[in-house]
Amino acid sequence: MSPVGVRRAAALGLVLALSVSAIATADTIVADGDAVSGAQPAVHLGDVAPGQVVPLDVAFELTCEGASRVVAGTSIAVTLLDKTEPSDGSATVEDGRVDVPGTWPAPGTDCPAGGLSIVAGTPARLVLTAPTTVATDLEFVFLFLADPGTGVTNNIVFTATVNVVEAPHPDTTAPVLSGMPADVTVSTAGSSAIVTWTDPVATDDTDPSPVVACDPASGSSFPLGTSTVRCTATDASGNAASATFQVTVWQLPTGATWGSPLDTGAVPALVGQLGRTVPLKLHGLAGGEAPSLVAERLEACAADSPARETRPAGTFDWTDGAWRLQLRTGDLGAGCWRLVATRAGVPVATAVVLLVPDAAAKEPARRR
């Protein structure tokens with residue numbers, strides 16, 4: 001038999017001897033592992049980590065039995081007589097007591113019909129230290145002695161059982177962000193702009209639903225210039241991962257104008273031979289995002305004519321103090337085209353040109 005088994009057998013042997021001597025002819029005290037009315041002389045504490053410390057309060061239940069009575073209003077000391085512990089485990093015990101209420105039946109009287117039990121006084125304080133080896137159903141057995149001079153059966157056994165399992169590994173891994181927004185560029189006529197985007201998502205190896213938040217949040221107002229948005233994912237253990245993107249707000253230009261040859265103000269501003277390259281120049285947009293050109297084939301050669309076709313026509317380059325673009329008319333076709341310079345999708349300058357296959361095409365006279 002193991003040392004634990006030998007010690008437990010010795011303790012239980014002592015319990016048996018005390019029980020025989022008392023013959024259950026007096027009021028009795030039993031352990032209550034729940035510290036509430038209703039005796040529970042054994043509890044299973046479930047799974048604990050190796051070496052985990054588990055505090056436990058064990059109250060004692062006094063029951064009216066037999067012919068002998070304890071004295072009402074007295075206190076009965078309940079002290080530890082012996083204990084058995086699993087190998088590599090340990091336990092400390094602070095003794096308890098039972099306080100007998102003043103209404104307890106007097107000596108020589110019968111117990112009330114239906115019985116009488118109370119839990120009152122100070123519970124014993126047990127502090128269990130689990131073994132460091134993984135195992136199941138490990139028992140801590142405690143033998144308490146109630147003061148035999150008080151007229152109670154004085155043997156009380158309490159058993160606490162634990163399973164020692166591998167301690168869970170702490171979660172130290174941060175979530176992974178995905179779907180971060182690309183850098184955003186917008187234009188505004190004012191001093192700020194409302195910018196929205198779709199927040200990224202996050203996955204984590206432990207938390208199924210990490211919290212994702214961006215600062216500033218989507219839908220916030222951003223000032224002119226470039227601002228940094230930081231998106232952070234945080235899991236339930238407090239691990240966090242962050243990533244950033246940029247929001248740039250440009251102020252829409254005022255006074256953007258065409259340079260030669262589109263500065264005539266006429267409609268069309270230019271009659272050109274189809275297939276030739278027309279050098280375009282745009283003033284008044286110094287700095288910022290490069291403008292783009294869109295060509296719209298018109299139903300009629302008028303500034304407000306509906307467009308029946310739209311094509312991208314290139315992006316301007318900043319050269320010698322102006323935005324410049326070489327318009328290849330061979331990519332278009334004969335007819336009237338409205339040329340629309342845009343920045344961030346907003347029109348900043350327009351002009352109508354007429355492209356003809358006639359080699360005699362000439363530019364209209366400039367207004368002086």
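Note: hydrogens, waters and symmetry copies are ignored here, and every other heavy atom, side chains too, is used. The model shown is predicted, which means the values in this text are computed figures rather than measured ones. Along the sequence shown, residues are numbered consecutively beginning with 1.
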Interatomic distance, OG1@T315 vs CG@L293, rounded to 0.5 Å, equals 9.0 Å
When you measure from the side chain of D235 to the backbone N and O of N239, does any donor-acceptor pair fall under 3.5 Å? yes
Closest non-hydrogen atom pair, L177 against C231: CD1-O, 3.5 Å
Within the 4.5 Å heavy-atom criterion, are W337 and L354 side-chain neighbours or not? no
In the single-linkage hydrophobic clustering (I, L, V, M, F, W, Y; side-chain heavy atoms under 4.5 Å), do V54 and V165 co-cluster? no
In Å, rounded to the nearest 0.5 Å, how long is the span from CD of E166 to CG of D47? 12.0 Å
Quick one: do N163 and T136 satisfy side chain to side chain donor-acceptor pair (under 3.5 Å)? Show the steps, please. CA-CA 4 Å; N163 298 328; T136 58; 4.8 Å; no
CG (L282) and CG (L280) are apart, to the nearest 0.5 Å, by 9.0 Å
State which residues pass side-chain hydrogen bond (donor to acceptor under 3.5 Å, both in side chains) with T232; sequence neighbours excluded, sorted by chain then number. S242
Residue pair T342 / S292, side-chain donor-acceptor N/O under 3.5 Å: no
By side chain to side chain contact (heavy atoms under 4.5 Å, CB included) - contacts of P279 (at least two apart): Q326
Polar side-chain atom of R230 near backbone of C214 as donor-acceptor pair, under 3.5 Å: no
For the backbone of A91 and the side chain of K83, can you confirm whether one donor and one acceptor N or O come within less than 3.5 Å of each other? yes
Interatomic distance, CG@D183 vs CE@M180, rounded to 0.5 Å, equals 9.0 Å
Only one of T172, T173, D171, D207 passes side chain to side chain donor-acceptor pair (under 3.5 Å) with S237; say which it is. D171
By side-chain hydrogen bond (donor to acceptor under 3.5 Å, both in side chains), T277 pairs with (sequence neighbours left out) none
If every non-hydrogen atom of S305 is compared with every non-hydrogen atom of A300, which pair is closest and at what distance? OG-N, 2.9 Å
Check the pair R69, T109 against side chain to side chain contact (heavy atoms under 4.5 Å, CB included), reporting the backbone distance first and the verdict last. CA-CA 8 Å; R69 298 277 81 78; T109 62; 4.3 Å; yes
Are F158 and F140 packed together at the side-chain level, in the sense that at least one heavy-atom pair is separated by less than 4.5 angstrom? no
Do you reckon L270 sits in the same ILVMFWY cluster as V340, going by side-chain contacts under 4.5 Å, direct or chained? no
Any chance you could measure L145, atom CG, to N155, atom CG, to the nearest 0.5 Å? 8.5 Å
Donor-acceptor pair, W258 side chain versus T350 backbone, under 3.5 Å? yes
Which pair of heavy atoms, one from G314 and one from L325, lies closest together, and at what distance? C-CD1, 3.5 Å
I want to check something: taking the side chain as every heavy atom from C-beta on, are P223 and V249 in contact at a cut-off of under 4.5 Å? no
Disulfide (SG to SG under 2.5 Å): which pairs involve residues 298-336, sequence neighbours left out? C301-C336
Tell me if the aromatic rings of F60 and F144 count as close, with their centers under 6.0 Å from one another. yes
Return the minimal non-hydrogen interatomic distance between S227 and F222, and the atom names on each side. CB-CD2, 3.7 Å
Out of curiosity, R338 CZ to T310 OG1, how far, rounded to the nearest 0.5 Å? 8.5 Å
Running the 4.5 Å side-chain criterion over Ile, Leu, Val, Met, Phe, Trp and Tyr, what cluster does V53 land in, apart from itself? V127
Salt bridge (Lys or Arg N to Asp or Glu O under 4.0 Å) pairs, two or more places apart, involving residues 298-319: R297-E309, E309-R311
Contacts of type side-chain hydrogen bond (donor to acceptor under 3.5 Å, both in side chains), residue S218, not counting sequence neighbours: none
Applying side chain to side chain contact (heavy atoms under 4.5 Å, CB included) to T329 and D331, what does each step give before you reach the verdict? CA-CA 5 Å; T329 62; D331 297 334; over 6 Å; no
Taking C-beta and beyond as the side chain, do V271 and V353 meet within less than 4.5 Å on heavy atoms? no
For the hydrophobic clusters of this structure (ILVMFWY residues joined by side-chain heavy atoms under 4.5 Å, transitively), does one cluster hold both L339 and L274? yes
Using side-chain heavy atoms (C-beta onward) and a distance below 4.5 Å, is L116 in contact with C111? no
Do you know the tightest heavy-atom contact between T228 and P216? O-CD, 3.9 Å
Grouping I, L, V, M, F, W and Y whenever their side-chain heavy atoms are under 4.5 Å apart, do L355 and V294 come out in a common cluster? no
Cluster companions of I194 among Ile, Leu, Val, Met, Phe, Trp, Tyr (side-chain spacing under 4.5 Å): none
Testing the basics here: between G321 and H283, what is the closest heavy-atom pair and its distance to 0.1 Å? O-ND1, 4.4 Å
One pair to check against side chain to side chain contact (heavy atoms under 4.5 Å, CB included): L262 and K281. What are the steps and the verdict? CA-CA 8 Å; L262 300 184; K281 185 187 299 182; over 6 Å; no
Hey, does V100 have a side-chain heavy atom less than 4.5 Å from the side chain of I76? yes
F316: ring pair (Phe, Tyr, Trp, His ring centres under 6.0 Å) partners, not counting sequence neighbours: none
Linking directly or through intermediates, with side-chain heavy atoms under 4.5 Å: list the remaining ILVMFWY members grouped with V267, chain and number order. L298, V352
For R97 and T122, which I'm curious about, is there any donor-acceptor pair between the side chains at under 3.5 Å? yes
My understanding is that only residues two or more places apart in sequence, or in another chain, count here; which of them pass salt bridge (Lys or Arg N to Asp or Glu O under 4.0 Å) with R125? D57
Going by side-chain hydrogen bond (donor to acceptor under 3.5 Å, both in side chains), name the residues that satisfy it together with S75, two or more places apart in sequence or in a different chain. D99
If hydrophobic clusters are built by linking Ile, Leu, Val, Met, Phe, Trp and Tyr wherever their side-chain heavy atoms come under 4.5 Å apart, do L62 and V71 end up in the same one? no
Is the closest side-chain heavy-atom distance between R328 and L332 below 4.5 Å? no
Test item: P50 and P131 side chains (from C-beta on) under 4.5 Å apart, heavy atoms: no
Just do the side chain to side chain contact (heavy atoms under 4.5 Å, CB included) check on V229 and T244 with the steps written out, would you? CA-CA 5 Å; V229 177; T244 62; over 6 Å; no
Cut-off 3.5 Å, side chains only: do H44 and D137 have a donor facing an acceptor? yes
